[in-house]
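Structure first, commentary second.
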Amino acid sequence: MLAGNQSFIFDAGSGGIHKLGRMGFPMGHVQGAFLTHLHSDHIDGLGQLLMMAWIGQNGFRAEPLPVYGPEGTEIVVGGFNAAYSLDRGYRIAHHGPDIAKPEGYGGRAVEILLPDEPSASKIVYDQDGVRITAIRVNHHSVSPAFGYRIDYKDRSISLSGDTIYHPGFATASEGVDVMFHEALNSEMVTRMADTLSGSGRDVTAKLLRDAMEDHSSPEDAARAASEAGATELIYYHIVPPLPAKALSQIWLGDAKSVFSGKVTLGEDGMLISLPAGSTKIIRSRKF
């Protein structure tokens, strides 16, 4: 997310940092990273993020990158700091301490504590016009898990993180311009699991069936957007991945009958711009 002169990254899944680099994201000037939860697919790119924030794109950080997240974030960040510690020494020796500033290496965990209540939320960042609110969500098998709301000037977005339908997220997202919400089509996943079981791949089939307990349906996400009064709903973390756009309407199911605003399926390289002082939502592609 870019807001004025500030930039932030939400979650760090494998490959995401590389794709942000292709989009020209100012990795060396990131103010903070925010984790929704600590499942591996949301944190396994954190090492690359910390490295790029340290010495990437002329950043020359003089302090570790703040990494905000739920309880356990300190363990995760500490692990990545330790794993990259040898590389830290190599780069300081190679590039010199003026470029690879020793004091700027790695991450600094900022654990967010929210009460275990359905409607729990609190502001966790409020600087230079950017306000970021952490929102308790329900990822079923992972707790705690958060969504986030970001406000800048007169524009706002919310990001669900991984969650089943959660009324508290809809409430905290009231009036956002864009809601980014994850979703899983259970009918498609069930067919995949049944096919795997039929070919003797019962373990993989169970993993797919288990995943259905942790995620919202496309209609659930549409319900959250409708209840929040969002202007637009953008799906991300789409399960299963869709190999062809022709499958989009099948994957959406009845979502468009639940939410009357614009519905978009997010894709890598997509940029959504919300100009301040306007109600415009501008979509473009960076690759």
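- Remark: E213 CD is packed, more than 12 non-hydrogen atoms of other residues, nucleotides or ligands lying under 6.0 Å away.
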field: L233 vs K262, side chain to side chain contact (heavy atoms under 4.5 Å, CB included): CA-CA, chis, key distance, verdict
entry: CA-CA 6 Å; L233 169 62; K262 183 174 178 60; over 6 Å; no
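- Applying the salt bridge (Lys or Arg N to Asp or Glu O under 4.0 Å) criterion to D151, with sequence neighbours excluded, gives R131, R149.
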task: Please report the C-alpha distance between D220 and H166 in whole Å, then the side-chain angles of each, then the deciding distance to 0.1 Å, and finally whether the side chain to side chain contact (heavy atoms under 4.5 Å, CB included) criterion is met.
output: CA-CA 9 Å; D220 288 335; H166 190 68; over 6 Å; no
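- S278 places a side-chain N or O within 3.5 Å of a backbone atom of K280 that can act as its donor or acceptor partner.
- Using a 4.0 Å cut-off between charged nitrogen and carboxylate oxygen, E227 and R223 count as a salt-bridge pair.
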Throw together a table of side-chain donor-acceptor distances under 3.5 angstrom for residues 91-101, partners on residues two or more places apart or in other chains.
unit_1	atom_1	unit_2	atom_2	d
R91	NE	D87	OD1	3.3
R91	NE	D87	OD2	2.7

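- E267 pairs by the side chain to side chain donor-acceptor pair (under 3.5 Å) definition with R285, not counting sequence neighbours.
- At distances below 3.5 Å, not a single donor-acceptor pair connects side-chain atoms of N138 with backbone N or O atoms of T163.
- At least one side-chain heavy atom of S7 sits under 4.5 Å from a side-chain heavy atom of F25.
- Residues L265 and I238 meet the side-chain proximity criterion, which asks for heavy atoms closer than 4.5 Å.
- Between the side chain of Y236 and the backbone N or O of G161 there is at least one donor-acceptor pair closer than 3.5 Å.
- A donor-acceptor pair under 3.5 Å links the side-chain atoms of T171 to the main chain of P167, judged by distance alone.
- The two residues S158 and F169 have their closest heavy-atom pair at OG-CZ, 3.6 Å.
- Annotation: side chain to side chain donor-acceptor pair (under 3.5 Å) contacts of S160 (sequence neighbours excluded): none.
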message: Run I150 and M1 through side chain to side chain contact (heavy atoms under 4.5 Å, CB included) and show every step you take.
response: CA-CA 9 Å; I150 304 97; M1 189 198 72; 2.9 Å; yes
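- Using a 4.5 Å heavy-atom threshold, the side chains of V110 and V67 count as separate.
- Residues satisfying the side chain to side chain donor-acceptor pair (under 3.5 Å) criterion with T36, sequence neighbours excluded, are D11.
- Residues that satisfy the side chain to side chain donor-acceptor pair (under 3.5 Å) test with D268, not counting sequence neighbours, are K19.
- At least one side-chain heavy atom of M270 sits less than 4.5 Å from a side-chain heavy atom of T264.
- Annotation: side chain of L20 is in contact with side chain of M27 (closest heavy-atom distance under 4.5 Å).
- In this structure a side-chain-to-backbone donor-acceptor pair under 3.5 Å is present from D154 to G277.
- Checking side-chain atoms of R88 against main-chain N and O of A82 turns up no donor-acceptor pair under 3.5 Å.
- At a threshold of 4.5 Å between non-hydrogen side-chain atoms, the residues L38 and V142 do not count as touching.
- Panel note: side chain T73, backbone E111; no donor-acceptor pair is recorded below 3.5 Å.
- Side chain to side chain, S141 and D214 meet the donor-acceptor criterion of an N or O pair below 3.5 Å.
- Transitive grouping of hydrophobic side chains (ILVMFWY, heavy atoms separated by less than 4.5 Å) keeps I135 and L159 in distinct clusters.
- Between H237 and H181, the distance separating the two ring centers is not shorter than 6.0 angstrom.
- The environment of F287 atom CZ is dense: over 12 non-hydrogen atoms of other residues, nucleotides or ligands sit within 6.0 angstrom.
- Counting all heavy atoms, side chain and backbone alike, R155 lies closest to L274 at NH1-C, 3.5 Å.
- Counting only heavy atoms from C-beta outward, the side chains of R209 and S197 approach each other to under 4.5 Å.
- The ring-ring contact (aromatic ring centres under 6.0 Å, His included) test applied to Y84 returns no partner, not counting sequence neighbours.
- Cluster membership check: I234 does not share its hydrophobic cluster with V258, using side-chain heavy-atom separations under 4.5 Å among Ile, Leu, Val, Met, Phe, Trp and Tyr.
- In terms of heavy atoms, L65 sits closest to V30 at CD1-O, 3.4 Å.
- Annotation: salt bridge (Lys or Arg N to Asp or Glu O under 4.0 Å) contacts of D210 (sequence neighbours excluded): K206.
- Side-chain contact annotation: E182 with H215, donor-acceptor N/O pair under 3.5 Å present.
- With sequence neighbours left out, the ring-ring contact (aromatic ring centres under 6.0 Å, His included) criterion links F259 to no other residue.
- Residues M179 and E232 fail the side-chain proximity criterion, which asks for heavy atoms closer than 4.5 Å.
- In this structure, the ring-ring contact (aromatic ring centres under 6.0 Å, His included) partners of F10, at least two apart in sequence or on a different chain, are F34, Y148.
- Side-chain N or O atoms of R136 include one that pairs as donor or acceptor with a backbone N or O of L114 at under 3.5 Å.
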- prompt: Please walk me through it: do Y68 and I132 pass side chain to side chain contact (heavy atoms under 4.5 Å, CB included)?
  reply: CA-CA 11 Å; Y68 299 79; I132 300 175; over 6 Å; no
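- Taking all atoms of both residues into account, the shortest heavy-atom contact from G69 to F146 is C-CE1, 4.0 Å.
- By the neighbour-count criterion of 12 heavy atoms within 6.0 Å, atom CZ of R191 is sparsely surrounded, having that number or fewer from other residues, nucleotides or ligands.
- Within 6.0 Å of the CD1 atom in I75, the count of heavy atoms belonging to other residues, nucleotides or ligands does not exceed 12.
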Which pairs would a plain distance check flag for residues 119-128, meaning a side-chain donor or acceptor within less than 3.5 Å of a matching protein atom at least two apart in sequence or in another chain?
unit_1	atom_1	unit_2	atom_2	d
K122	NZ	L113	O	3.2
Y125	OH	Q6	OE1	2.5

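- Closest heavy-atom contact between R61 and E63: NE-O, 3.0 Å.
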Donor-acceptor pairs under 3.5 Å, side chain of residues 239-257 to any protein atom, not counting sequence neighbours: which ones?
unit_1	atom_1	unit_2	atom_2	d
S248	OG	K245	O	3.0
W251	NE1	V239	O	2.9
S257	OG	D254	O	2.6

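- For N81 (side chain) and G106 (main-chain N/O), no donor-acceptor pair under 3.5 Å exists by modelled atom type.
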